[in-house]
Every structure is written in C-alpha cells, then in structure tokens.
Amino acid sequence: MTKFSDLNLDAKVLKAIEEAGYETPTPIQAGAIPAALDGRDVLGIAQTGTGKTASFTLPMINMLGRGRARARMPRSLVLAPTRELAAQVAENFDTYAKYTKLTKALLIGGVSFKEQDALIDKGVDVLIATPGRLLDHFERGKLLLTGVQVMVVDEADRMLDMGFIPDIERIFSLTPFTRQTLFFSATMAPEIERITNTFLSNPEKIEVARQATASETITQGVVMFRASRKDRSASEKRKVLRALIDAEGDACSNAIIFCNRKVDVDVVAKSLTKNGYDAAPIHGDLEQSQRTRTLEGFREGKLRFLVASDVAARGLDVPAVSHVFNFDVPGHAEDYVHRIGRTGRAGRDGKAIMICSTSDEKNLEDVERLIEKEIPRIDNPLGQSAAADPEAPARPAEESPESGEQPKRTRSRRKPKDSASSARSGEAPSETAPVDAPGAPAETPPATETAQGVQDDAAPKAPARETAEAAPEPAPAAQADEAPEQKRPARGKGSRSDRGRDKSQGQQSGNEQPRQGRNDRQRGGEVVVGMGDHLPSFIAKSFEERQAS
DNA sequence: AAAAAAC
C-alpha cells in the first residue's frame with residue numbers, strides 16, 4: 001500500500017505529515033500528489049472530507065520548496081469560495097509547511113487590507129484568497145499574478161453556485177498560461193466542465209467517492225411541524241427545536257443548527273441563548289472577526305451550538321459534531337446533504353434532525369427524492385402533530401404551558417418597512433420580531449433587521465450545559481480534511497444530473513471502519529427506526545395530548 | 001428563495 005513516504009515528497013514535508021499523525025494518503029492524495037509533482041494539471045472530483053486540501057497543499061509546498069518569492073509576485077495561488085474555507089486552507093498550509101521557509105498570505109474580505117498588503121509587498125510564495133478580495137488587490141495595482149506557477153481552484157462547484165465563475169475566469173486570464181492548474185470540484189456540472197476544458201491542459205483526472213453517504217453514518221429524522229396558531233409559528237418552532245435538543249440529552253455534545261435565512265440564524269441563536277443554551281450565530285452578515293471567533297470556539301469545544309446559514313454548510317471541517325439540526329428544510333435539496341455531512345464525520349456516528357414546517361413540505365419532497373430515501377418521521381416533541389388537525393383555526397387555550405403568557409396581540413403590528421431585508425420573509429412576515437416580546441406591549445420598537453428582539457420562548461429551563469463537557473477529544477486528525485486512512489474505490493462522477501444514480505452505489509462497503517458499535521441502529525435506515533433512546537416517552541405523550549385537544 | 005463574496 002502506498003505511504004506518504006512513497007510519494008517523492010521532500011523530507012521536510014514528510015516530517016510535518018508524520019507529526020500531524022498521518023502515514024497513508026487518501027485516494028485523492030495518492031492520485032493527485034504524484035501527478036502534481038510531475039507538473040501535470042489535476043482535475044480532482046472530490047468533496048471535503050476526502051483529504052482534498054492536503055492533496056494540493058502537499059505537492060505545492062514541495063514544488064515551491066526551491067526558489068524565492070519576489071515582491072508583489074506570488075508564486076502560487078489558491079482560490080476558495082468562502083472566507084472560512086480559505087482560512088482552513090491556510091491552516092493546512094501552516095501545518096505542512098512548518099519546516100520550510102515558505103511564506104503565505106491569506107487574502108479574504110472583511111479584514112483590513114493593510115496587513116495583507118504588507119505581506120504581498122514583501123513577497124509571498126503562496127496566496128490563499130477568496131476571489132473578490134483578490135481582484136480588489138489586483139485592481140489597486142498591488143498585485144501581479146504573472147509569477148503564478150501553480151494555481152488551485154477549490155470547491156469549484158460552489159464557486160459556480162455563488163456566481164464566481166466570471167471572476168475565476170478573469171483570474172485565470174491574469175496568470176501565465178504556463179502555470180500548472182489543480183482544480184477541484186465535488187461535481188462536474190456542464191459549466192464546470194467548460195471551464196476545465198478551457199483552462200486545464202490534459203489533466204490527470206481523479207475521482208473519489210464522496211465520503212460515507214448520508215445514510216450510512218448519519219441517523220436522520222424529521223419532525224413535521226404545524227403551529228397551533230399562525231402567529232406563534234416562529235416561536236413554537238424554536239420551542240420544538242429546544243425540545244429536540246433536550247431529547248438528545250448528553251448525546252448531543254455539540255451541534256450545528258442550520259437556518260435558511262440569516263435573520264433566522266440570529267433569532268434562533270438569540271432565543272437559544274436566552275433559554276440557557278450555549279449558542280452563537282454565524283452567517284455572512286456578521287463581522288469577520290466574530291465569524292472567526294465563533295467558529296474557533298466551536299471547533300475547540302468551547303461553544304456547544306453553532307447556529308449557521310449555509311455559509312457553514314460545505315467544506316467546513318469541524319471534527320466531532322454530534323448533531324446537525326435543520327431548523328428549516330433547505331431550499332436546495334443538495335444543501336441537505338452538505339449540511340448533514342457536517343456530522344458523522346471521520347467514522348463517528350452522527351445524527352441529523354430536521355424540522356419541516358408545512359410550507360417546507362415541498363422542499364422536503366425534493367430532499368427525499370434526492371437522497372432516494374424517506375427520512376424517518378419523528379413526532380413533534382411538543383405533541384402538536386401536524387396530522388392531528390390540518391385546519392387548526394386559531395385555538396387560543398391550547399398552547400403549551402410557557403407560551404401562554406404571550407400577549408396574543410403582539411403579532412399584528414408589522415414593523416415598518418425599514419429593513420428591506422426582512423420584508424421578504426415569506427410566509428409569516430409578522431413573526432420575526434414582534435412575536436418574541438412576551439411582556440412587551442405591541443410597541444416593541446421595530447427590531448432592526450437582525451431581530452434582536454428574541455425574548456420569546458419562556459424562561460431558561462434547560463440547564464445551560466457547561467461548555468467544558470462538550471470538549472471533544474483533541475483531534476490531531478483534523479488537518480487533512482480528516483481520516484486519511486480511509487479509502488474507498490473511486491466511482492462514478494456525480495454531476496448534478498446524476499446525483500441520484502450516485503446514491504445507488506452508496507452501499508459499497510468500501511468504507512471500512514467508519515462505524516463501529518451503534519451502527520445497528522443505522523442499518524435499518526430506510527424503515528422508520530427510532531431516533532434513539534428517548535423517543536418512547538414523547539410518543540405516548542403526543543397521543544394523549546392529541547386526545548385531549 | 002437564500003446565501004456568499006469587494007469597498
């Protein structure tokens with residue numbers, strides 16, 4: 001079997017690899033590294049979690065080992081779609097370049113130009129960037145890309161989704177055509193294909209199966225949620241979330257909670273905090289410094305709940321996330337796979353629980369069609385099952401204990417159209433802010449667009465878990481995207497159009513060790529198996545409550 | 001429909 005030591009890597013690089021705890025390259029690494037070292041272009045079709053990052057950082061470090069950077073002329077360039085991903089690449093680079101003298105600069109938005117400029121001026125070997133900030137530097141005349149010998153495009157399909165392709169093409173055109181190109185994408189959409197045909201030259205193509213498919217190491221479930229009253233929908237949904245979290249108990253050491261909208265990310269994070277849960281938000285409207293801090297805290301186990309937009313859905317490498325909660329059904333079915341892929345990583349068990357509002361049902365169908373599997377239904381832990389009565393006209397007296405204090409009126413007061421941002425919140429525009437102010441008269445000043453008014457949701461009851469307990473074991477394996485040891489046979493590509501077929505191969509047992517122990521539970525995935533150990537009590541309860549009402 | 005990314 002191939003070892004890193006068989007790959008012709010420099011001794012300094014090998015030493016760093018060894019210290020990071022790795023011995024055997026993943027398939028993408030074993031395929032890409034030799035080709036890259038040979039000077040070939042590489043087209044890697046792989047997702048995060050396959051060791052992709054190291055598959056380009058390692059050969060880059062090796063190749064750049066000789067020579068020195070000149071001012072304003074970086075010798076290599078890595079492009080990533082989000083700031084966090086770029087930062088992740090930078091860390092990876094630090095890990096493996098520690099015994100070299102190579103220099104790098106991280107060019108991302110949201111932080112000052114100054115330091116970035118200073119580094120560029122001195123000359124860097126590696127530039128790691130998001131496209132916008134890179135072009136900004138370029139347009140200011142601070143940067144020359146004519147010295148780029150190696151260019152990497154990471155997560156190209158996501159770049160496509162985010163509309164970065166024109167930028168990418170432009171950046172390509174600023175680099176010498178003699179450059180070597182390493183190009184990575186999880187899928188080969190037609191547009192991606194076109195780019196690779198244009199900018200890659202006779203690439204070595206390496207395809208790697210996505211890591212364990214959704215059904216394998218991740219236990220999934222969905223709660224069909226219907227509000228008792230429309231105007232309470234938002235706060236009840238948050239309450240369902242808390243109940244779901246509580247039901248998981250200590251098994252939920254940490255979790256990412258995904259919302260579709262940034263506003264809701266803020267609201268949910270505030271609400272959880274208010275109720276004694278250790279939670280913080282992350283999305284693209286927050287200060288970069290806060291994004292960084294929050295993510296770091298979460299990685300280190302100091303923060304238990306990360307409430308996130310899809311900025312965190314893909315690529316982020318956080319080892320040991322025990323749970324993913326989808327507060328909303330993602331509007332893009334494929335995002336579901338990315339989101340829940342944040343858990344069940346590196347061979348651990350993971351649990352993914354989603355809340356599906358009536359308005360999300362169509363999206364749920366799309367998700368289930370995509371994953372070719374029905375997601376097991378979980379009863380609403382609050383007992384108001386959707387099936388109970390579809391029409392449910394406002395029924396004042398029935399809501400659960402705590403929400404009782406809410407003044408019924410809070411809703412009608414729309415906030416003035418100050419913030420365009422919340423104006424489009426679709427089905428229930430009135431609820432983002434007002435609903436949440438329990439004691440407050442209807443006059444709650446219009447919460448600014450990021451809903452600071454989350455006072456809903458009763459009093460703290462869940463014991464705020466000390467973050468200490470959540471601390472994951474130190475995971476030396478984090479760097480290389482993870483689990484380098486795992487390997488699995490390459491298989492068919494997964495372009496958008498054939499994702500479905502992709503799934504059919506999901507059973508391949510090539511993914512050895514990932515799951516031990518509790519996988520019996522997951523085995524039966526397609527049947528409605530329970531969500532674990534706590535279910536029975538609230539099933540019973542929900543029936544009673546249905547009878548009662 | 002929303003998110004992300006440049007100031």
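As the structure is a computational prediction, the values presented were derived from the model and not from experiment. We name chains A, B, ... by the order of the sequence lines, and we start the count at 1 in each one.
- Between A/Phe184 and A/Phe56, the two ring planes are tilted [angle within 30° to 60°].
- Distance, A/Leu160 CG to B/dA4 C1': 13 Å, rounded to whole Å.
- Whole-Å rounding puts the A/Met159 CE to B/dA5 C1' distance at 10 Å.
- For the OP1/OP2 pair of B/dA6 and a distance below 4.0 Å, the side-chain nitrogens and oxygens of A/Thr130 include at least one atom meeting the criterion.
- Across the protein-nucleic acid pair, A/Asp328 atom CG and B/dA1 atom P stand 15 Å apart, rounded to whole Å.
- Within 4.0 Å (heavy atoms only), A/Phe164 reaches at least one base atom of the nucleic acid.
- The A/His332 side chain lies nearest to B/dA2 when the options are B/dA6, B/dA4, B/dA2.
- Residue A/Leu286 contributes atom CG, which lies 11 Å from atom P of B/dA5 at whole-angstrom precision.
- Base contact: A/Gly331 has a heavy atom under 4.0 Å from a base atom.
- Contact annotation for A/Asn260: backbone-only contact, meaning every heavy-atom pair under 4.0 Å involves sugar-phosphate atoms and none involves a base.
- Atom C1' of nucleotide B/dA6 and atom CG of A/Asp136 are separated by 5 Å, given to the nearest angstrom.
- Between A/Arg158 and the phosphate of B/dA3, there is no side-chain N or O to OP1/OP2 separation shorter than 4.0 Å.
- Across the protein-nucleic acid pair, A/Leu135 atom CG and B/dA6 atom C1' stand 9 Å apart, rounded to whole Å.
- Considering all non-hydrogen atoms of both residues, A/Arg158 and A/Val311 come closest at NH2-CA, 3.9 Å.
- Using a 4.0 Å cut-off between charged side-chain N and carboxylate O, A/Arg194 and A/Glu169 make a salt bridge.
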Quick one: side chains of residues 110-120 of chain A, donor-acceptor pairs under 3.5 Å with protein atoms, not counting sequence neighbours, listed by atom name and distance.
from     : atom 1 : to       : atom 2 : distance (Å)
A/Ser112 : OG     : A/Lys114 : N      : 2.9
A/Gln116 : OE1    : A/Arg133 : NH1    : 3.0
A/Gln116 : OE1    : A/His137 : NE2    : 2.7
A/Gln116 : NE2    : A/Leu106 : O      : 3.4
A/Gln116 : NE2    : A/Ile108 : O      : 3.1
A/Asp117 : OD1    : A/His137 : ND1    : 3.2

Could you go through residues 140-154 of chain A and list every donor-acceptor pair under 3.5 Å that involves a side-chain atom there, pairing it with any protein atom two or more places apart or in another chain?
from     : atom 1 : to       : atom 2 : distance (Å)
A/Arg140 : NE     : A/Asp136 : OD1    : 3.0
A/Asp154 : OD1    : A/Lys52  : NZ     : 2.6

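- Within the 4.0 angstrom heavy-atom criterion, only backbone atoms of the sugar-phosphate kind lie near A/Pro81; the bases stay farther away.
- Contacts of A/Gly110 with the nucleic acid, taken as non-hydrogen atoms under 4.0 Å apart, involve only primed sugar atoms and P, OP1 or OP2.
- Distances shorter than 4.0 Å separate none of the side-chain N or O atoms of A/Arg83 from OP1 or OP2 on B/dA4.
- Residue A/His283 contributes atom NE2, which lies 17 Å from atom C1' of B/dA1 at whole-angstrom precision.
- Here B/dA5 presents its C1' atom at 14 Å from CD of A/Gln116, a figure rounded to the nearest Å.
- Considering only side-chain N and O atoms, A/Arg170 lies nowhere under 4.0 angstrom from the phosphate OP1 or OP2 of B/dA6.
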